2 protein chains.
Amino acid sequence: MVRKKLPSLSPSETEILRLIWQLNQATVQEVCEKLPVSRNITYATVQTLLRRLEKKGYIKHKTKGKAHVFIPTVQQETVIKRSVGDFIQRLFGGDPIPLMQYLAQHGKINTEDIEELKKLVDK
Amino acid sequence: MVRKKLPSLSPSETEILRLIWQLNQATVQEVCEKLPVSRNITYATVQTLLRRLEKKGYIKHKTKGKAHVFIPTVQQETVIKRSVGDFIQRLFGGDPIPLMQYLAQHGKINTEDIEELKKLVDK
DNA sequence: TGACAACTTGTACATTTGTACGATATTATA
DNA sequence: TATAATATCGTACAAATGTACAAGTTGTCA
């Protein structure tokens with residue numbers, strides 16, 4: 001239980017961290033490859049972002065060959081919880097319903113998806 | 001159709017803008033009152049944020065007495081659309097389903113809420 | 001083993017963001 | 001009509017953010 005007061009994440013850091021989770025672990029190179037070309041960001045920038053993520057305690061790295069392989073040190077769930085909470089707070093004043101409604105209407109969601117959700121509801 | 005390339009909103013700006021929508025229109029004073037005391041932010045700061053929101057084109061103001069009354073110039077829907085989109089992009093790679101799932105599980109949502117959502121789905 | 005390619009490190013730097021003070025203007029009030 | 005109370009305006013300023021170059025380091029391959 002080391003996780004405590006994690007510093008906040010900037011949008012770009014969040015974007016990169018998500019890829020690390022998705023890949024389980026990754027080098028700067030690999031992260032760059034996962035980013036859409038349209039993102040138009042240099043290797044050096046991704047590297048800086050990873051450096052900051054490590055400094056903030058969200059990832060660590062081991063060395064493989066001459067490259068660093070970055071590994072998450074924080075559960076995705078933890079960050080999602082906080083991020084979603086903050087987001088709903090500032091955009092909807094804390095009420096998640098409006099967000100769900102918005103998604104139901106504009107999120108390319110169908111009735112089946114909704115049906116699936118019912119199973120998840122913690123009743 | 002003036003709305004075009006609106007500058008991005010910072011978290012704090014978003015927070016304040018939401019209150020303007022909620023109140024329909026408001027003075028610095030009124031916005032301050034709506035903010036939870038725990039937010040611990042001064043009048044001057046709120047004023048700066050409103051100033052920036054106006055400069056960015058999200059609100060305008062009229063003068064009432066000696067105070068400014070700020071009024072939204074952008075539809076809430078417009079900002080929600082963009083904000084939610086960006087958010088889902090960076091935290092979930094663009095797929096809204098995981099977010100819905102997360103909310104169904106941890107968003108204090110009940111089965112009825114879900115049932116309601118079905119009516120909204122654009123099928 | 002020497003040069004090249006792939007990396008990391010150190011640094012930089014313009015903007016944006018969050019926060020707020022002090023001076024000035026304006027309105028209500030005693 | 002002085003004054004107090006309330007506002008705005010101009011400014012400031014440190015920290016965070018986004019972006020990236022240049023120099024130094026280390027495997028690798030001919």
Side-chain angles (χ1 to χ4, degrees), chain A residues 5-20 25-33 35-71 79 82-83 86-87 89-91, chain B residues 5-20 25-33 35-71 79 82-83 86-87 89-91:
Chain A
K5 209 47 175 311
L6 289 160
S8 66
L9 289 171
S10 75
S12 290
E13 285 164 355
T14 304
E15 179 192 16
I16 299 299
L17 181 55
R18 185 184 76 75
L19 295 176
I20 296 293
Q25 57 170 52
T27 59
V28 180
Q29 196 61 241
E30 294 166 337
V31 170
C32 286
E33 285 162 13
L35 285 165
V37 270
S38 61
R39 181 59 175 74
N40 202 241
I41 187 177
T42 69
Y43 181 101
T45 300
V46 172
Q47 199 160 33
T48 298
L49 259 7
L50 286 167
R51 221 183 298 172
R52 288 179 184 166
L53 279 169
E54 181 158 21
K55 184 162 194 180
K56 288 189 176 180
Y58 288 90
I59 59 178
K60 64 181 178 181
H61 77 268
K62 60 186 179 189
T63 304
K64 170 120 188 179
K66 61 186 155 186
H68 284 179
V69 177
F70 294 91
I71 305 159
V79 172
R82 196 191 51 192
S83 301
D86 290 351
F87 181 72
Q89 189 55 53
R90 81 174 89 88
L91 199 57
Chain B
K5 209 46 175 312
L6 288 161
S8 66
L9 289 170
S10 76
S12 290
E13 284 164 355
T14 304
E15 178 192 18
I16 299 300
L17 181 54
R18 185 183 76 75
L19 295 176
I20 296 293
Q25 59 170 50
T27 59
V28 179
Q29 197 60 239
E30 293 166 337
V31 170
C32 286
E33 284 162 12
L35 285 164
V37 270
S38 62
R39 181 56 174 77
N40 204 239
I41 187 176
T42 69
Y43 182 101
T45 300
V46 172
Q47 196 160 35
T48 297
L49 259 8
L50 286 168
R51 222 184 297 172
R52 288 180 186 165
L53 280 169
E54 181 158 22
K55 184 164 194 179
K56 288 189 177 181
Y58 288 91
I59 58 178
K60 64 180 179 181
H61 77 269
K62 60 186 179 189
T63 302
K64 171 120 186 179
K66 60 184 155 186
H68 285 179
V69 177
F70 294 91
I71 306 160
V79 171
R82 196 192 49 194
S83 300
D86 290 351
F87 182 72
Q89 188 56 52
R90 82 174 89 88
L91 199 57

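In what follows, chains carry the letters A, B, and so on, assigned in the order in which the sequence lines appear, proteins first and then strands, with residues in each chain numbered from 1. Because the structure is predicted, anything quoted here is derived from the model rather than measured.
Looking at heavy-atom distances under 4.0 Å, B/Lys64 makes no contact with the nucleic acid at all. Nucleic acid contact class of B/Thr45 (heavy atoms, under 4.0 Å, all strands): base. The residue A/Thr48 sits close to a base: some heavy atom pair falls under 4.0 Å.
Remark: the backbone N or O of B/Pro7 is paired with a side-chain donor or acceptor of B/Tyr58 at under 3.5 angstrom. No donor-acceptor distance shorter than 3.5 angstrom exists from the side chain of B/Glu54 to the backbone of B/Arg51, with no hydrogens or angles considered.
Place A/Gly65 and A/Gln47 on DNA chain D by their nearest nucleotides, and A/Gln47 ends up nearer the 5' end. Checking A/Lys66 against A/Ser12, the closest nucleotide of DNA chain D that is more toward the 5' end is the one next to A/Ser12.
One can place CG of B/Leu50 at 15 Å from P of C/dT17, the figure rounded to the nearest angstrom. Distance B/Leu49 CG to D/dA7 P: 18 Å, rounded to the nearest Å. Taking atom NZ of residue A/Lys62 and atom C1' of nucleotide C/dT8, one finds them 18 Å apart after rounding to whole Å. Between A/Arg39 atom CZ and D/dA20 atom P the separation is 9 Å, expressed in whole Å. In this entry the distance linking OH of A/Tyr58 with P of D/dA16 reads 13 Å, nearest Å. Atom P of nucleotide C/dT17 and atom CZ of A/Arg90 are separated by 12 Å, given to the nearest angstrom. Atom NZ of B/Lys55 is separated from atom C1' of D/dC9 by 13 Å (rounded to the nearest Å). Following rounding to the nearest Å, B/His68 (NE2) and D/dG10 (C1') show an atom-to-atom distance of 14 Å.
Each of C/dA20, D/dA20, C/dG18 was ranked by its minimum atom distance to the side chain of A/Ile41; first place goes to D/dA20. Closest to the side chain of B/Gln29, from the set D/dA7, D/dT17, C/dA20, is D/dA7. Closest to the side chain of A/Glu13, out of C/dC21, D/dT17, D/dA20, is D/dT17. The side chain of B/Ala44 lies closest to C/dC21, out of D/dT8, C/dC21, C/dT9. Nearest to the side chain of A/Ala67, among D/dT8, C/dC7, C/dT17, sits C/dC7.
Here A/Arg51 does not reach the OP1 or OP2 of D/dA20: none of its side-chain N or O atoms lies under 4.0 Å away. OP1 or OP2 of C/dT8 has at least one side-chain nitrogen or oxygen of A/Tyr43 nearer than 4.0 Å. For C/dT8, neither phosphate oxygen OP1 nor OP2 lies less than 4.0 angstrom from any side-chain nitrogen or oxygen of A/His61. Between A/Thr42 and the phosphate of D/dT19, there is no side-chain N or O to OP1/OP2 separation shorter than 4.0 Å. Under 4.0 angstrom from either OP1 or OP2 of C/dT17 there lies at least one side-chain N or O belonging to B/Lys56.
Taking the six-membered ring for Trp and thresholds of 30 and 60 degrees, B/His61 and B/His68 have nearly parallel ring planes, at less than 30 degrees apart.
Checked by distance alone, B/Arg52 brings a side-chain donor or acceptor within 3.5 Å of a matching partner on the base of C/dT19.
Heavy-atom minimum distance, A/Tyr43 versus A/Cys32: CA-SG, 3.8 Å.
No side-chain heavy atom of B/Thr27 sits less than 4.5 Å from a side-chain heavy atom of B/Lys64. Between A/Thr14 and A/Arg18 there is no side-chain heavy-atom pair separated by less than 4.5 Å.
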